[in-house]
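Everything below concerns the one structure shown next.
Heavy atoms only: backbone and side chains are in, while hydrogens, waters and symmetry mates are out. Residue numbers start at 1 and run along the sequence shown.
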Amino acid sequence: MDAFRIEGGHRLKGTVRVNGSKNAALPLMAAALLTDQPVTLHDVPNLSDIRNLCKLLEELGCTCERDGGTLRLHTTDISNSRASYEIVSTMRASICVLGPLLAARGRAEVSMPGGCAIGERPVDLHLRGLRALGAEIDLEQGYIVARSKRMHGTKLFLGGQFGSTVLGTANVICAAALAEGQTVIEQAACEPEVVDLCNLLLAMGAKISGQGSPRVIIEGVPSLSGAEHRVLPDRIEAATYMAAAGITNGDVTIENCPTDVMTAITDRLHHVGLNLETIDGTDPMRQTVNITSDRRLAPVAVTTQPYPGFPTDVQAQLMALLTLADGNSIITEKVFPERFLHVAELSRMGANLYRQGPTVMVIGVKQLHAAPVMASDLRASAGLVLAGLAARGVTQINRVYHLDRGYEHMETRLQALGAEIERISV
Ligand code: EPZ
């Protein structure tokens, strides 16, 4: 099993390019199930989650050929529509094949994804949306078994107790794209990754409006064609490297940065004391920006919310940064209230954290100290890497396979910025 060893105290300096977004790429790949023509995606990150979904799509009759950052997908065999527990249990985002399979084939069997390190991951909203479109859905031996001759458009509400659902919205939009008539989704997710999916579907011939707003309208069409699409840059990865620059008082230039959809993030980081300068703002979704930070970081209050609020996927990284702020910060997690596995690990490194339910008070300390720590979920792992970059001594982060799910060659990219980090086998 791999681990990272990080010698803290080195300022990051240099340039890093943001990859295509994992959370955009996964539903984009699943959309290839909606057509019997080829779908080509550019800027697809080379991550374990992407490779796992390729494996699942191959099982479902959709070939996946990678050529550098390009992925060519082609659904040629529709005989198997069962997404097995073996793959779905390793990556719950596999649920994103449910809507496309059902829409294209009239049947889908997808293993219930189960929970994960950040909490229970229900799919009741996905099922509510698909049932509203006319699907018959049963749960049989841990599998979602969905059937429908042809779904029919309707007006449906997709909000849950934590607000909108990203992959639930993706599933319902894909299903509605081939349904009979008009579908109106109220409280659709507004995430940029959902907009990116809609941009691909539009290129495939779908009729969609309102994407990026809570009300999305889809006019069903009889079939969809193939298309070519460049994956949206990863705003979560960009935020992670911004925080890395901040926690090391570094000077980092970030290329291919989707700054236009990062306002909640850059607002909070600005208040903490990071200085963001736009070097090339020609394309607001693929900017070049420079990040430096004030010597002393300031405390802030932040609450994670669905887009355009502060993203839950940056909560752990911001917490790591705030452990060294000059004062007390408050972080409230409104999307995944249990998403705090990094709290105990950061405390082992000398962070001063007090959790009460979905809220953590972060009392700034002067210095973090190296310690052996355990990665748990993708973004918690990223938070531990940031803490290791600043801690005095050599931090060892175990189980970095969690990190490999969402960050491509993180250690080599941080090395290029001057970090003393290496991957070791333990
Ligand atoms: C997507 O997960 C992302 N994953 C997550 O990123 C991200 O944290 C999350 O959206 C929120 O932004 C991908 O896009 C692959 P949700 P998703 O459905 O769609 C509840 C990462 O680190 N809910 O928007 O599965 C749910 O429990 C990953 O890259 C229901 O109650 O998340 C949560 O509290 C982690 N019923 C809230 O809604 C449902 O049917 C938001 O979940 C579905 C969700």
Pair up each side-chain donor or acceptor in residues 130-149 with any protein partner under 3.5 Å, not counting sequence neighbours, and list the distances.
| unit_1 | atom_1 | unit_2 | atom_2 | d |
| --- | --- | --- | --- | --- |
| R131 | NH2 | I137 | O | 2.9 |
| Y143 | OH | Y85 | N | 2.9 |

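Between the side chain of R121 and the backbone N or O of A93 there is no donor-acceptor pair closer than 3.5 Å. A donor-acceptor contact shorter than 3.5 Å is absent between the side chain of T154 and the backbone of L156. Looking at T288, its side chain never comes within 3.5 Å of a backbone N or O of D280 through a donor-acceptor pair. Side-chain N or O atoms of R413 include one that pairs as donor or acceptor with a backbone N or O of R17 at under 3.5 Å. Looking only at distances, a side-chain donor or acceptor of T266 sits under 3.5 Å from a matching main-chain atom of T263. Between the side chain of N171 and the backbone N or O of I95, at least one donor-acceptor pair lies under 3.5 Å. For Q317 (side chain) and A243 (main-chain N/O), no donor-acceptor pair under 3.5 Å exists by modelled atom type. For T35 (side chain) and L224 (main-chain N/O), a donor-acceptor pair under 3.5 Å exists by modelled atom type. One N or O on the side chain of R355 and one on the backbone of G357 form a donor-acceptor pair closer than 3.5 Å. In this structure a side-chain-to-backbone donor-acceptor pair under 3.5 Å is present from R150 to A179.
A side-chain donor-acceptor contact under 3.5 Å links Q287 and T259. Side-chain contact, S21 with N23: no donor N or O sits under 3.5 Å from an acceptor N or O. Using a 3.5 Å distance cut-off with no hydrogens or angles, the side chains of D196 and H229 do pair a donor with an acceptor. If you check the side chains of N249 and S293, you find a donor sitting under 3.5 Å from an acceptor. For the residue pair E65/H74, the side-chain donor-acceptor check at 3.5 Å is not satisfied. N19 and E408 share a side-chain donor-acceptor pair at under 3.5 Å. Looking at T304 and E333, their side chains do bring a donor and an acceptor atom within 3.5 Å of each other.
For D36, there are no salt bridge (charged side-chain N to carboxylate O under 4.0 Å, His left out) partners, not counting sequence neighbours.
More than 12 non-hydrogen atoms from other residues, nucleotides or ligands lie less than 6.0 angstrom from CZ of F157. Enclosure of atom NE2 in H42 by more than 12 non-hydrogen atoms of other residues, nucleotides or ligands within 6.0 angstrom is indicated.
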For this session: In sequence, state the C-alpha distance, the side-chain angles, and the governing distance for T292 and E277, and then conclude on side chain to side chain contact (heavy atoms under 4.5 Å, CB included).
Result: CA-CA 9 Å; T292 52; E277 183 196 346; over 6 Å; no

Exercise. Which is it for R235 and D260 under the salt bridge (Lys or Arg N to Asp or Glu O under 4.0 Å) test, yes or no, and what are the steps along the way?
Worked result: CA-CA 9 Å; R235 60 195 169 106; D260 192 44; over 6 Å; no

For this session: I would like to know whether L201 and Q211 meet side chain to side chain contact (heavy atoms under 4.5 Å, CB included); could you show each step before the answer?
Result: CA-CA 11 Å; L201 293 173; Q211 61 273 23; over 6 Å; no

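Exactly one of K22, E237, H402, R379 qualifies for a side-chain hydrogen bond (donor to acceptor under 3.5 Å, both in side chains) with Y407. That residue is R379.
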